[in-house]
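Below: the structure, in structure tokens.
Predicted model, so just to flag it, every value in this text is computed and none were measured.
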Amino acid sequence: ALSTTTFNYAAYHTLDEIYSFMDMLVAENPNLVSKLEIGRSTEDRPLYVLKFSTGGTSRPAIWIDTGIHSREWVTQASGVWFAKKIVDDHANNEGVASILETMDIFLEIVTNPDGFAYTQTKNRMWRKTRSHHSGSICVGVDPNRNWDAGFGGPGASGNPCLETYHGPYANSEPEVKSIVDFVKSHGNIKAFVSIHSYSQLLLYPYGYTTTPVPDQQELHEISEKAVAALSSLYGTKYKYGSIITTIYQASGGTIDWTYNQGIKYSFTFELRDTGLYGFLLPAKQIIPTAEETWLGLKVIMEHARDNMY
Amino acid sequence: TETFVGHQVLRIVPSSDEELQKVQELQDLEHLKLDFWLSPRGLGYPVDIRVPFPSLQSVKAHLEASGVPYSIMIEDVQALVDEEEMEMLRSSRQL
């Protein structure tokens with residue numbers, strides 16, 4: 001694409017096309033967007049995070065990641081659309097522009113690049129990382145079971161050949177460890193949203209225990225507002241609640257760890273659909289999915305901005 | 001490259017503990033190489049399973065013998081993957 005204006009957001013793209021999109025966005029918006037490399041994947045691919053900032057130092061920040069499960073293609077595609085939306089809102093002084101006056105936004109679009117490349121070359125249904133651990137006859141760890149929050153407990157598998165294999169130890173996956181290190185070193189992230197598909201759910205901690213989080217009521221109220229905003233666009237129906245009560249027990253999950261790190265506004269989205277196409281959502285649904293999700297994300301980001309802690 | 005010719009995605013909505021248990025039994029049969037897109041989570045919640053063609057007959061027989069109703073969410077996974085690939089090619093050409 002010649003520019004992020006001519007880029008085709010209504011299509012799925014290769015890893016290289018997404019990387020070049022990022023470079024174009026940075027080049028077009030040098031005073032707002034920068035590209036950080038927070039680590040390298042198992043197969044030594046860069047782990048890029050886009051930073052959107054209007055200045056200041058170590059401002060309170062919002063983190064959004066997509067694509068941690070590589071086959072959930074609508075999430076990386078939505079992440080690309082989110083990146084452009086942030087830039088456009090800032091240029092038009094609308095939407096999240098007001099958030100950027102006091103907060104930074106970090107967006108990791110391809111959180112599992114090895115898995116993503118593998119879905120495009122070898123196995124479209126690949127979900128995990130591509131790590132090889134001694135003693136494992138199978139490849140890959142579920143990056144959403146590898147965090148140090150109830151790690152290894154019920155709701156993950158110790159079998160390296162299963163899709164929910166938690167890995168040999170917490171943070172064994174560089175894709176996970178890089179985010180852990182970034183969150184710890186930044187130290188001022190106030191909202192953390194990890195985006196998956198499918199099922200149309202908005203979830204908050206915990207997944208590894210039935211114990212409600214101390215902020216359960218507030219997170220539930222935010223979820224209700226976010227889902228109402230999301231559904232207002234196309235009527236897409238979402239359910240919401242804690243991970244363990246809404247779907248199932250899942251240990252070693254991303255937002256359980258981020259919540260336990262003190263990031264109160266920790267959420268997971270499960271995007272479209274509810275089971276017609278599943279992971280094979282047609283490309284024509286990318287933009288409507290991204291648009292409606294953005295309305296839900298905005299509720300969470302505005303709440304974080306207005307309820308600083 | 002892995003192909004998915006003849007693979008189907010079956011949807012089961014367990015409505016009793018017995019049905020849920022029959023579905024969970026499938027999770028332990030690794031030789032069937034089932035890919036749980038949505039894992040069993042409770043009564044009334046959909047379970048979506050991508051079933052490789054070689055396992056299709058035995059899985060359907062297992063469900064039918066146990067009286068567990070199921071529907072076919074995706075008739076042919078490869079057909080959707082092919083369609084997606086065509087779309088990407090078209091888009092790349094446009095680029």
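- Classification of B:Lys22 and B:Glu25 as a salt-bridged pair holds, one side-chain N sitting under 4.0 Å from a carboxylate O.
- Of the listed residues (A:Gly278, A:Gly275, A:Ser199, A:Ala11), the one with the most heavy-atom contacts under 4.5 Å to chain B is A:Gly275.
- With a 4.5 angstrom heavy-atom cutoff, A:Tyr277 touches chain B via backbone and side-chain atoms both.
- Under the 3.5 Å distance criterion, with hydrogens and angles disregarded, a donor-acceptor pair is assigned to the side chains of A:His133 and A:Glu173.
- Only the side chain of B:Glu30 comes within less than 4.5 Å of a heavy atom of chain A; its backbone N, CA, C and O stay farther away.
- Proximity to chain A is limited to the backbone of B:Phe36, based on heavy atoms less than 4.5 angstrom apart.
- When heavy atoms are compared at a cutoff of 4.5 Å, A:Gln249 does not approach chain B at all.
- With a 4.5 Å cut-off on non-hydrogen atoms, A:Leu276 touches chain B through its backbone but not through its side chain.
- In this structure, the side chains of A:Cys138 and A:Tyr165 stay at 4.5 Å or more apart for every pair of heavy atoms.
- Contacts between A:Thr246 and chain B at a heavy-atom distance below 4.5 Å involve the backbone alone (N, CA, C, O).
- Taking the ring centroids of A:Tyr9 and A:Phe7, they lie under the 6.0 Å cut-off.
- Taking the side chain as every heavy atom from C-beta outward, A:Tyr248 and B:Ser39 approach each other to under 4.5 Å.
- Heavy-atom pairs under 4.5 Å with chain A peak, among B:Glu2, B:Glu84, B:Gln27, at B:Glu84.
- Residue A:Thr164 does not touch chain B at all, counting heavy-atom pairs closer than 4.5 Å.
- Aromatic rings of A:His69 and A:Phe279 (six-membered ring for Trp) have centroids beyond the 6.0 Å cut-off, not under it.
- Side chains of A:Gln285 and A:Thr289: a donor-acceptor N/O pair is absent below 3.5 angstrom, by distance only.
- Only the side chain of A:Arg71 comes within contact range of chain B, with heavy atoms under 4.5 Å apart.
- Contact count versus chain A (heavy atoms, under 4.5 Å) is highest, among B:Val81, B:Val77, B:Asp35, B:Ile74, for B:Asp35.
- A 4.5 Å side-chain heavy-atom check between A:Tyr48 and A:Ile109 finds every atom pair outside the cut-off.
- Within the 4.5 Å cutoff, the side chain of A:His132 has heavy atoms near those of the A:Val139 side chain.
- Looking at A:Trp126, there are no atoms closer than 4.5 Å to chain B (heavy atoms on both sides), in backbone or side chain.
- A salt bridge between B:Arg11 and B:Asp48 is present, with a side-chain N of the basic residue lying under 4.0 Å from a carboxylate O of the acidic one.
- Put simply, the side chain of B:Ile72 reaches to within 4.5 Å of the side chain of B:Leu10, judged on heavy atoms.
- With hydrogens and angles left out, the side-chain atoms of A:Gln120 and A:Tyr12 include no donor and acceptor closer than 3.5 Å.
- Residues of residues 236-244 of chain A placed with any heavy atom under 4.5 Å of a heavy atom in chain B are absent; none qualify.
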